[in-house]
*Asks:* 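First the structure, then my questions, so here it is.
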Amino acid sequence: MKLVDFLNFEPLNRLKDEMGIPRDAYGSFAITVDAGRLTLSELEALTSGDGIEISFNELTVLQDGTLAYKDSRVLLYIRDVHEYGSAPREPKYHLANCSTLQDMQSKGRFERYVIATEVTGTFKLNIISKNVKRSERRRLHVCQNCLTDIGFDGFSRDDDREQRRQYVGAFTPDRFFDVYPRSLHVKKPSHTAFTAPLNDYTPDFPEISTTLRSRAGWRCEICRRELSELRLRKYLHVHHKDGVKSNNSPANLQVLCMRCHAEAPNHSHLKQLPAYKAYLAEHPPL
Ligand SMILES: [Zn+2]
Ligand SMILES: [Zn+2]
Ligand SMILES: [Zn+2]
C-alpha cells in the first residue's frame, strides 16, 4: 500500500491555504512516548488487584498530591503483613503522597511498595507468620491521612470519629478514580482548527468542587437538602450549567444533590447509576 505524503499532498495544501493555515502546520496529534505508557501486562496486573511491585522513586507525585506510574494514577500499599498475635495490623492503601508515606521516606523505610488500580479495594497481600508466607486477598481500608491531605470530600481529621469510620468503611477506590481519573493522557491546552475542544473536567476540578460544596454548607442549591455528613457528601455534585465541563466560572457552577442534578437537561443518565437509586431510597423528596 502506498501512503500519501501529506507534506506534498496538494489538495490538503490548497485547503490549508484557503483556511489560512501555514503549510507546515499539521494540527496537534496526540503523541505519547511509548516508555511513558503502561504495557498491556502492566495494565492487567494493576487492574486485577495483583498489583506491581515498585520502588518509590519510580512513582511520580502529581501536582494535586496523588500518585502516578507512567500514564496512570495509582494506589499504593505495602504487601507484606507480619502476623504476630491474633489480630494482625492491616495495611491501608494510599491515594496520595500523604504524611505517613513522607514520614516513611524520611526514616529511610523502603518497604516493598505495590501499586494497583483495582476499584473495589481488594488487594493481594503476603501474610507472614512464623516465617511462613502465604498469599491472600483482602479488602483494605483507605488511609485517612491521604483523604485529609487531598481534602477528598472535604475529609478532615476534625470530623467526628464515628463519621470517619463509616466513611472509610464504605469507601472504595472507584470513588477516588471517579474524581481523579486513572488515565493521565495529556489534554491539549488550546484548540486549533484541527482539534475540537475536549469536553472534560480540568485537573483542578476536584479542588474547586470541594471548596464550592463546603462553602454552600454541603447543601443543594435547589431543594436545600443538607448532605454534610461525610458518607453523604458523594451525593452532592457540582453541575456545569452550560454543559461545558471545563468552564469553571462561578456563574456556570451549581451545587446540586444527585436527585436535582439528574433533572438537569441531558442528565437523565445519572438515574441509571446505583448511587442515584441508593440516594433516593435513603432520601425521599423533601
Ligand atoms: Zn496515606
Ligand atoms: Zn437537590
Ligand atoms: Zn451536571
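In what follows, residues are counted from 1 in the order of the sequence shown. Remember, it's 1-based here, ligands and their atoms both numbered in the order they're listed.
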*Asks:* Between Asn145 and Cys98, is there a donor-acceptor pair closer than 3.5 Å when you use the side chain of the first and the backbone of the second?
*Replies:* no
*Asks:* Counting N and O atoms only, with roles assigned by atom type, does the side chain of Lys271 sit under 3.5 Å from a partner on the main chain of Tyr276, one being a donor and the other an acceptor?
*Replies:* no
*Asks:* What protein N/O/S atoms sit under 2.8 Å from the Zn ion (ligand 2), by chain and number?
*Replies:* Cys220 SG, Cys223 SG, Cys257 SG, Cys260 SG
*Asks:* In terms of the angle between their ring planes, are Phe152 and Phe171 parallel, tilted or perpendicular, with boundaries placed at 30° and 60°?
*Replies:* perpendicular
*Asks:* Hey, which N, O or S atom on His267 ends up closest to the Zn ion (ligand 3)?
*Replies:* NE2
*Asks:* Looking only at the aromatic ring of each residue, does the gap between the centers of Phe205 and His240 stay below 6.0 angstrom?
*Replies:* yes
*Asks:* Is it the case that atom CZ in Arg161 sees more than 12 heavy atoms from other parts of the structure closer than 6.0 Å?
*Replies:* no
*Asks:* Please check if any side-chain donor atom of Glu42 sits under 3.5 Å from a side-chain acceptor atom of Tyr69, or the reverse.
*Replies:* yes
*Asks:* Please evaluate residues Thr211 and Arg215 with respect to the criterion side chain to side chain donor-acceptor pair (under 3.5 Å), reporting the C-alpha separation (whole Å), side-chain torsions for both, the decisive distance (0.1 Å), and the verdict.
*Replies:* CA-CA 6 Å; Thr211 308; Arg215 214 181 281 158; 5.6 Å; no
*Asks:* Which atom, counting only N, O or S, brings His239 closest to the Zn ion (ligand 3)?
*Replies:* ND1
*Asks:* Hey, mind stepping through Glu207 and Thr210 against side chain to side chain donor-acceptor pair (under 3.5 Å) and telling me if it holds?
*Replies:* CA-CA 5 Å; Glu207 230 180 294; Thr210 300; over 6 Å; no
*Asks:* Which residue, Arg175, Arg231, Arg164, forms the salt bridge (charged side-chain N to carboxylate O under 4.0 Å, His left out) with Asp153?
*Replies:* Arg175
*Asks:* Can you check salt bridge (charged side-chain N to carboxylate O under 4.0 Å, His left out) on Arg134 and Glu83, steps first, answer last?
*Replies:* CA-CA 11 Å; Arg134 64 175 199 281; Glu83 237 173 29; 3.8 Å; yes
*Asks:* Spell out the protein N/O/S atoms under 2.8 Å from the Zn ion (ligand 1) as residue plus atom name.
*Replies:* His94 ND1, Cys98 SG, Cys143 SG, Cys146 SG
